[in-house]
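Down below is the structure, laid out as structure tokens.
Since we're looking at a predicted model, the values are computed, not measured. Hydrogens, waters and symmetry mates play no part in the numbers below; they use all other heavy atoms, side chains included. Chain A is the first sequence line, chain B the second, and so forth, proteins listed ahead of strands; every chain is numbered from 1.
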Amino acid sequence: MSAFTALSKEALFDAIRRRIVAAVILLCLFSLMAIDGFTSCAGNVSLNGEDVQLAEMAGATGSILFVTLGLWIAVLAAILASDHLQQTLEDGSANLSLARPVSRNTFALARLTGALAVALVTGAVLLGSAAGLLNLRSGLPLGPALIAGAHAGVAAFVCATFAMTLSLWLPRLATMLTMLGFIATMATANLMSFVPREEPWTGSLALLDRLGPPLAKAPIAALANWMPFAETGPAPFGSGAALWIWAVLGCAALLISFRRVELGR
Amino acid sequence: MLSLTNVTKRYTSRTALSEISLEVEAGSTVGLLGPNGAGKTTILRLLLGFTQPTSGSVLVRGLEPSDPESRRGLGYLPERMILPERMTVRGLLHLHADLAGIDRGDHVRQADEAMEQVGIADRAKDGIGTLSKGLRQRVGFAQAFLGKPAILLLDEPTSGLDPIGMRDAREWIAALRERGATVLVSSHVLSEVERVCDKVAILNEGHVVASGSLPELVGDSETLEDAFVRLVQK
């Protein structure tokens, strides 16, 4: 077994033993029940004065559901990553592993893998169930859901890398609060970019939307053909590619920062 | 084998090591002696690549410690032994066998030999969380001895051991010397260093105040303790 595989396995066991995982399993169950109820309801709604069958709104409501779940996965990844590496430095357990012929990159990536695996499995269960039920009950195609799910996974990766990097410099609570604030601000900026405007959108949120990681925008853009009546902005490829660039930046930030950390003081 | 040349290590508020040079030849057992805060652990951390020198050069078998290959065939026993409590003794040794790059087919034999050597073969299936402090220290020795490393860095190796354990530890270090391993032992237990080391380097406030074989450092009518006090208080 390679050092990376062995360390990733250990990191996964450490992540599974965290108390938050029990809470995540409970939330998954509640979410699945909510998804089941959400996709099985029927009725009429009034849209711009016209009666519309709820089934016709499934694309929009399904997209909102999908993006909300995607952001929840990103939050979970950030919380898990906020001390998954730092804890090993604090208790000194990293020292024993790094006294072996193991590079710091391997160690940091293995810890990231352990934390991310829990978030991604949770994401796969929640988003997979939502996509399956929306497909079965409302006939929404699975292709966009797959792409949006992949974007949500990359968004979780971005949040985990930045949380892990911040944790090398900040206490755990400060890391978590910073990441939660960042995810909420990015999601707000991304969602506001879809509001129709006559004037070009300016201001700090607009700047953040253009330059920051499209945590919510990429999944929404991927689901564009679930919402043929809505203006969903840039093509899925554009925001998806931006998300991948942020993933590379996050990974580089983590590896460079971890190389500079002094161990065992 | 291990070499520090004109090494200075400064932290923000203090200088841990100041222009020190130290050579550890292949096959020798060298003791680092010094009061608390003298810089002994900093030397081990530099050799392991845990920290970078502010200036000077550190080499392990001619390689920079930042190169993971410099730690191939190296065993390390930290002063503060943190072991994953959920793992069994055997599980921990198999994990470290993976990290050390030992062939998978050889894990069982290597782990068994290491456990046998430190007297914990009967605790192989026990969870580490159930072990006493002394037994955990023995597990620490077992992981350091895994794969018969050519270099061993031992930081306060007898802390947490009872008198029998301390005697055993001295025997294990003597056995390492016999098989030709290069051993660097950091300790402030003078008797321990006196019994197991060929050479001693005495550190004080980040300086090597004396180094050499015991007969070179200890005067005719002195004990090592007398020489240590004389050199440290000079």
- [ ] Let me know if B:His96 has heavy atoms under 4.5 Å from chain A in its side chain, its backbone, both or neither.
- [x] both

TODO: Look at the side chain of B:Arg71 and the backbone N and O of A:Pro101, then say whether any donor-acceptor pair between them is shorter than 3.5 Å.
DONE: no

Task: Separation between CG of B:Leu44 and CG of A:Asn95, rounded to the nearest 0.5 Å - done: 11.5 Å

Task: Separation between CG of A:Leu96 and CG of B:Leu95, rounded to the nearest 0.5 Å - done: 9.5 Å

TODO: Using a strict 4.0 Å threshold on nitrogen-to-oxygen distance, state whether B:Glu85 and A:Arg17 make a salt bridge.
DONE: no

Task: Heavy-atom pair of closest approach, residues B:Tyr76 and A:Ala99 - done: CD2-CB, 3.5 Å

TODO: Give, as side chain, backbone, both or neither, the part of B:Arg72 having an atom under 4.5 angstrom from any heavy atom of chain A.
DONE: both

Open item on the list: If I take atom CG from residue B:Leu99 and atom CG from residue A:Leu7, how far apart are they, to the nearest 0.5 angstrom?
Closed with: 5.0 Å

Open item on the list: If you define the side chain from C-beta out and look only at heavy atoms, does anything of B:Arg86 sit under 4.5 Å from A:Glu10?
Closed with: yes

Open item on the list: Would you say that A:Leu98 contacts B:Leu48 through its side chain, given a criterion of any heavy-atom pair below 4.5 Å between the two side chains?
Closed with: no

Open item on the list: For A:Arg260, I'd like to know if atom CZ has over 12 heavy atoms of other residues, nucleotides or ligands within 6.0 Å.
Closed with: no

TODO: Select one option (side chain, backbone, both, neither) describing which atoms of B:Gln52 are under 4.5 Å from chain A's heavy atoms.
DONE: backbone

Task: chain A contact via B:Leu83 - side chain, backbone, both or neither, heavy atoms under 4.5 Å - done: side chain

- [ ] Please examine the side chains of B:Tyr11 and A:Glu262, heavy atoms only from C-beta on, and report whether any two atoms are closer than 4.5 Å.
- [x] yes

Task: More than 12 heavy atoms from other groups under 6.0 Å of CD on B:Glu25 - done: no

- [ ] Please state whether the side chain, the backbone, both or neither of A:Arg104 comes within less than 4.5 Å of a heavy atom of chain B.
- [x] side chain

TODO: Please check if atom CD in A:Glu90 has more than 12 non-hydrogen atoms from other residues, nucleotides or ligands closer than 6.0 Å.
DONE: yes

Task: Closest contact, heavy atoms only, B:Arg45 versus A:Leu263 - done: NH2-O, 2.5 Å

Open item on the list: Could you check whether atom CD of B:Glu205 has more than 12 heavy atoms from other residues, nucleotides or ligands sitting under 6.0 Å from it?
Closed with: no

